[in-house]
Undergrad: 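One structure, pasted below without further comment.
First the proteins, then the strands, lettered A, B, ... as listed; each starts at 1.
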Number of protein chains: 2
Amino acid sequence: MNEALQQLPLRIEAQKLEKAAFILKAIGHPIRLAILDLLDQTNQMHVSELQEKLDIEQALLSHHLIKMKDKGVLLAVKKGKYIYYSIADPSMIRIIDCIAQCKAL
Amino acid sequence: MNEALQQLPLRIEAQKLEKAAFILKAIGHPIRLAILDLLDQTNQMHVSELQEKLDIEQALLSHHLIKMKDKGVLLAVKKGKYIYYSIADPSMIRIIDCIAQCKAL
DNA sequence: ACAAAATATTAACATACTTTTATATGAATG
DNA sequence: CATTCATATAAAAGTATGTTAATATTTTGT
């Protein structure tokens, strides 16, 4: 990203812009938003539970979960057979709430 | 997107998920967030003003503006020589504020 | 140890996004 | 009316993303 953005009269600093864009890109997909919505409600769920709710291919769900985990959006904790996913950062929920309440959508 | 999502116990309905994802994808880029930040502060700006602030290629800026306009994020009004862009929906600003204030970023 | 269940990994493909360079359009001005 | 300024469009190239299908890994129960 452009260096010059560093000295701009933006309310959001360049580094934050990068991070925000990174997060938005990481969650900007219907399946991912659905996952976040479910995890926000239930605190945590394992993959099979999510798969049942979402009714999508196992590999596809796994892919989305891992991508979000890799990008720091989700946490994964293995408990025996299952892997429980949860939302990494509570402030993430505010973005989701914001979307959920956004009348424009 | 998966039909079955329609009957899910999600707080956010399937259609809203699609729209939200669409918007998030449309704004999930550092340059676009910077544009939104500037437009939010100034209400409206024409392309040259934005270009000066952002210091990026004219064609690149034009591309981002038009994409956001096509996706309903921005409005464009031609006044003689200039084209003024503004944020289409005020509730969009809440998402941006949310991002700006998000400590996690 | 074996089979089944839960999840990840890989490869392949299609599609979409970002950027650059070059060119076109249309409005304003001397 | 020719030029300059503001902006868009097009083409090309590189990169990233989403999806499917097939296979592998790990854990559990028998």
Side-chain angles (χ1 to χ4, degrees), chain A residues 1-5 14 17-18 20-36 38-39 44-86, chain B residues 1-5 14 17-18 20-36 38-39 44-86:
Chain A
M1 174 72 191
N2 189 0
E3 303 298 331
L5 249 151
L17 283 180
E18 297 281 352
F22 185 81
I23 299 298
L24 292 181
K25 231 183 295 183
I27 69 176
H29 186 289
I31 290 179
R32 298 195 184 174
L33 290 177
I35 291 167
L36 290 170
L38 288 170
L39 292 179
Q44 65 168 72
M45 275 174 113
H46 63 247
V47 183
S48 308
E49 288 174 320
L50 285 166
Q51 199 190 341
E52 193 195 348
K53 295 282 185 192
L54 296 170
D55 188 26
I56 57 178
E57 286 291 321
Q58 184 266 316
L60 181 56
L61 175 56
S62 188
H63 169 258
H64 283 300
L65 289 171
I66 285 163
K67 284 300 182 202
M68 287 201 280
K69 182 189 137 202
D70 287 350
K71 293 176 177 202
V73 175
L74 298 183
L75 290 178
V77 175
K78 189 161 191 172
K79 280 180 191 161
K81 216 173 164 179
Y82 301 107
I83 296 177
Y84 287 88
Y85 280 89
S86 57
Chain B
M1 174 70 192
N2 190 358
E3 304 296 332
L5 248 153
L17 284 179
E18 298 280 351
F22 186 80
I23 299 298
L24 293 181
K25 232 185 290 185
I27 69 176
H29 186 289
I31 291 180
R32 300 197 181 173
L33 290 177
I35 291 168
L36 290 170
L38 288 169
L39 292 179
Q44 65 169 76
M45 276 175 114
H46 63 247
V47 184
S48 308
E49 288 174 320
L50 285 166
Q51 199 190 341
E52 193 195 346
K53 293 284 184 191
L54 295 169
D55 188 28
I56 58 178
E57 286 292 321
Q58 182 267 317
L60 181 56
L61 175 56
S62 188
H63 169 259
H64 283 300
L65 290 172
I66 286 163
K67 283 302 182 200
M68 286 199 282
K69 182 189 136 203
D70 286 351
K71 294 177 178 202
V73 174
L74 297 184
L75 289 178
V77 175
K78 190 161 190 170
K79 281 180 190 160
K81 215 174 165 180
Y82 301 108
I83 296 177
Y84 288 88
Y85 280 89
S86 58

Undergrad: NE2 of A:His29 versus P of C:dT15: gap in Å, rounded?
TA: 15 Å
Undergrad: Tell me if a side-chain donor or acceptor on A:Glu52 pairs with a main-chain N or O of A:Glu49 at a distance below 3.5 Å.
TA: no
Undergrad: Quick one: is C:dA16 close enough that its OP1 or OP2 comes under 4.0 Å of any side-chain N or O from B:Lys71?
TA: no
Undergrad: Go through D:dT19, C:dT18, D:dA21 for me and flag the one nearest to the A:Ile31 side chain.
TA: D:dT19
Undergrad: Check the distance between D:dT7's P and B:Met45's CE and give it to me in whole angstrom.
TA: 11 Å
Undergrad: Can you tell me which nucleotide in C:dT7, D:dT7, C:dT20 comes closest to the side chain of A:Val47?
TA: C:dT7
Undergrad: If you round to the nearest 0.5 Å, how far is NZ of B:Lys53 from CG of B:Leu61?
TA: 13.5 Å
Undergrad: Assign each of A:Leu65 and B:Glu57 to its nearest nucleotide of DNA chain C by heavy atoms, then name whichever residue's nucleotide is nearer the 5' end.
TA: A:Leu65
Undergrad: Of A:Lys79 and A:Lys67, whose closest DNA chain D nucleotide lies nearer the 5' terminus?
TA: A:Lys67
Undergrad: Measure the distance from OH on A:Tyr82 to C1' on C:dT7 and round it to the nearest whole Å.
TA: 12 Å
Undergrad: Rounded to the nearest Å, what distance is computed from the NZ atom of residue B:Lys25 to the C1' atom of nucleotide C:dC17?
TA: 10 Å
Undergrad: When the distance from CD1 of A:Ile83 to C1' of D:dT27 is rounded to whole Å, what number comes out?
TA: 11 Å
Undergrad: If only side-chain N and O atoms of B:His64 are considered, is one of them under 4.0 Å from the OP1 or OP2 phosphate oxygen of C:dC17?
TA: no
Undergrad: Can a side chain N or O of A:Ser48 be found less than 4.0 Å away from OP1 or OP2 on C:dA5?
TA: no
Undergrad: Using whole Å, what does the distance between atom P of nucleotide C:dA16 and atom CZ of B:Phe22 come to?
TA: 12 Å
Undergrad: Please determine, for the side chain of A:Lys78, which listed nucleotide (C:dT21, D:dG18, D:dT26) has the closest atom?
TA: D:dT26
Undergrad: How close or far is atom C1' of C:dC17 from atom CG of A:Leu24, stated in whole angstroms?
TA: 16 Å
Undergrad: Show the atom names and distances, to 0.1 Å, of all donor-acceptor pairs under 3.5 Å that link a side chain in residues 62-83 of chain A to residues at least two apart or in another chain.
TA:
{"residue": "A:His64", "atom": "ND1", "partner": "A:Arg32", "partner atom": "NE", "Å": "2.8"}
{"residue": "A:His64", "atom": "ND1", "partner": "A:Arg32", "partner atom": "NH2", "Å": "3.2"}

Undergrad: Using only side-chain N and O atoms of A:Tyr85, determine if any of them is under 4.0 Å from OP1 or OP2 of C:dA8.
TA: yes
Undergrad: Reading DNA chain C from 5' onward, which residue's closest nucleotide shows up sooner: A:Ser62 or B:Gln58?
TA: A:Ser62
Undergrad: At 4.0 Å (heavy atoms only), tell me whether B:Ile66 reaches a base, stays on the sugar-phosphate, or touches nothing.
TA: sugar-phosphate
Undergrad: Enter the distance from B:Tyr85:OH to B:Gln44:CD here, rounded to the nearest 0.5 Å.
TA: 12.5 Å
Undergrad: Which distance, rounded to the nearest 0.5 Å, do you find between the CG of A:Leu36 and the CG of B:Leu17?
TA: 10.0 Å
Undergrad: Under 4.0 Å between a side-chain N or O of A:His63 and OP1 or OP2 of C:dA11?
TA: no
Undergrad: Which whole-number value in Å describes the distance from A:Asp55 CG to D:dT20 P?
TA: 12 Å
